[in-house]
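Below: one structure, written as structure tokens.
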Amino acid sequence: MTSRVTVGVAIAIPQPHAAVLSRWRRQVGDPAADLMRPHVTLLPPTAVVLDSLSLIERHLATAAKTIEPFDMHLAGTGTFRPVSPVVFVQVARGVSNCELLEAAVRGGPLVRELEFPYHPHVTVAQLVPDDALDLAYDGLSGYVARFHVTSFVLFKRNKDGSWDEHDEFALGAGAQAPAIG
């Protein structure tokens, strides 16, 4: 039997912004609040053969070289309701960079169809009642964060549903990946 692992690829939101967004996710009772740090997804959870991780890592290193580091600006909230009960913080600047990066990541050994069209965002509430979705939507409506994106992360899902950072990939040709820590 072939061993499989679930991976995801994302731009991890840096501190202090990650702490603020995690606090909100906990406040509205989101069960995923402490399973993974706030992020902009580039590849949603995807089951892969464990033996293919080195091939995937080489693919991601190549994909990272296709986009230079860029500024990201998060501003305000959005929702996928009524299609999906999700509230998110919007990516106001860096959308095109995320779209290009997502297309590069979701190729090669990670090619797959998506359930919904790609829309870069930071989820702050899902799998919670409507009043909690409203609280997150209204409470973060004026939220603003700006930071420089220099890398993205390959995450692996643990048996308990939490996610660990497996590897980090620096953006831009010739860049060295920062140490995970």
Kindly indicate, with the supporting measurements, whether the criterion side chain to side chain contact (heavy atoms under 4.5 Å, CB included) is fulfilled by Trp163 and Lys156.
-> CA-CA 5 Å; Trp163 293 83; Lys156 283 177 43 181; 5.6 Å; no

Trace of the side chain to side chain contact (heavy atoms under 4.5 Å, CB included) decision for Leu74 with Val91 | CA-CA 5 Å; Leu74 305 177; Val91 175; 3.9 Å; yes

Residue pair Phe152, Glu102: steps toward the side chain to side chain contact (heavy atoms under 4.5 Å, CB included) verdict | CA-CA 11 Å; Phe152 63 82; Glu102 181 269 347; over 6 Å; no

Stepwise side chain to side chain contact (heavy atoms under 4.5 Å, CB included) check, His17 with Val122 | CA-CA 11 Å; His17 315 295; Val122 182; over 6 Å; no

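Hydrophobic clustering of Ile, Leu, Val, Met, Phe, Trp and Tyr side chains at less than 4.5 Å, counting indirect connections, keeps Leu42 apart from Val86. The hydrophobic cluster containing Leu110 also contains Tyr118, counting ILVMFWY residues as joined when their side-chain heavy atoms lie under 4.5 angstrom apart, directly or transitively. Taking hydrophobic clusters as Ile, Leu, Val, Met, Phe, Trp and Tyr residues chained together by side-chain heavy-atom distances below 4.5 Å, Val9 shares a cluster with Phe70. One hydrophobic cluster, built from ILVMFWY side chains closer than 4.5 Å, holds both Leu100 and Val40. One hydrophobic cluster, built from ILVMFWY side chains closer than 4.5 Å, cannot hold both Phe88 and Val144; they sit in different ones.
Atom-to-atom distance recorded for Asp160:CG and Leu35:CG is 7.0 Å, nearest 0.5 angstrom. Asp71 CG to Asn97 CG: the interatomic distance, rounded to the nearest 0.5 Å, is 9.0 Å. The OG1 atom of Thr79 sits 10.0 Å away from the CD atom of Gln90 when rounded to the nearest 0.5 Å.
Judged purely by atom type and a 3.5 angstrom limit, Thr66 has no side-chain atom pairing as donor or acceptor with the backbone of Thr62. In this structure, Thr46 contributes its side chain and Pro44 its backbone to a donor-acceptor pair below 3.5 Å. Side chain of Arg4 to main chain of Ala47: a donor-acceptor pair is present (N/O by atom type, distance under 3.5 Å, no hydrogens or angles). Arg106 places a side-chain N or O within 3.5 Å of a backbone atom of Arg112 that can act as its donor or acceptor partner. Of the possible polar contacts, one joining the Asp30 side chain to the Ala32 backbone as a donor-acceptor pair under 3.5 Å is found. At distances below 3.5 Å, at least one donor-acceptor pair connects side-chain atoms of Arg37 with backbone N or O atoms of Ile13. Between the Gln126 side chain and the Pro85 main chain, no donor and acceptor come within less than 3.5 Å of each other. Distance alone, capped at 3.5 Å, is enough to place a donor-acceptor pair between the Ser22 side chain and the Ala18 backbone.
The local environment of CZ in Arg93 is sparse, with at most 12 non-hydrogen atoms from other residues, nucleotides or ligands closer than 6.0 Å.
Residues Cys98 and Met72 form a side-chain contact, since some pair of their non-hydrogen atoms from C-beta on lies under 4.5 Å apart. Proximity of Asp134 to Arg81: side-chain heavy atoms (C-beta onward) are separated by under 4.5 Å at one or more points. Using a 4.5 Å heavy-atom threshold, the side chains of Phe116 and Leu114 count as separate. A heavy-atom distance below 4.5 Å is not found between the side chains of Val7 and His166. Counting heavy atoms from C-beta outward, His39 and Val153 have side chains that stay 4.5 Å or more apart. The side-chain heavy atoms of Thr41 and His121, taken from C-beta on, include no pair separated by under 4.5 Å. Contact of the Val105 side chain with the Leu60 side chain is registered, since non-hydrogen atoms from C-beta on lie closer than 4.5 Å. Between Leu101 and Leu171 the shortest side-chain heavy-atom distance falls below 4.5 Å.
Here the closest heavy-atom approach between residue His148 and residue Pro69 is recorded as NE2-CB, 3.5 Å. Scanning both residues, Val128 and Val28, for their nearest heavy atoms gives CG1-O, 3.5 Å. Nearest approach of Ser151 to Glu168, heavy atoms of both residues: OG-OE2, 2.6 Å. Contact record, Ala64 with Phe169: CB-CB, 3.9 Å, taken as the closest heavy-atom pair. The two residues Val89 and Val124 have their closest heavy-atom pair at CG2-CG1, 3.8 Å. Pro31 approaches Leu127 most closely through the heavy-atom pair CD-O, 3.8 Å.
Just one residue in the list Arg25, Gln27, Arg26 forms a side-chain contact (heavy atoms from CB on, under 4.5 Å) with Arg23, and that residue is Arg26.
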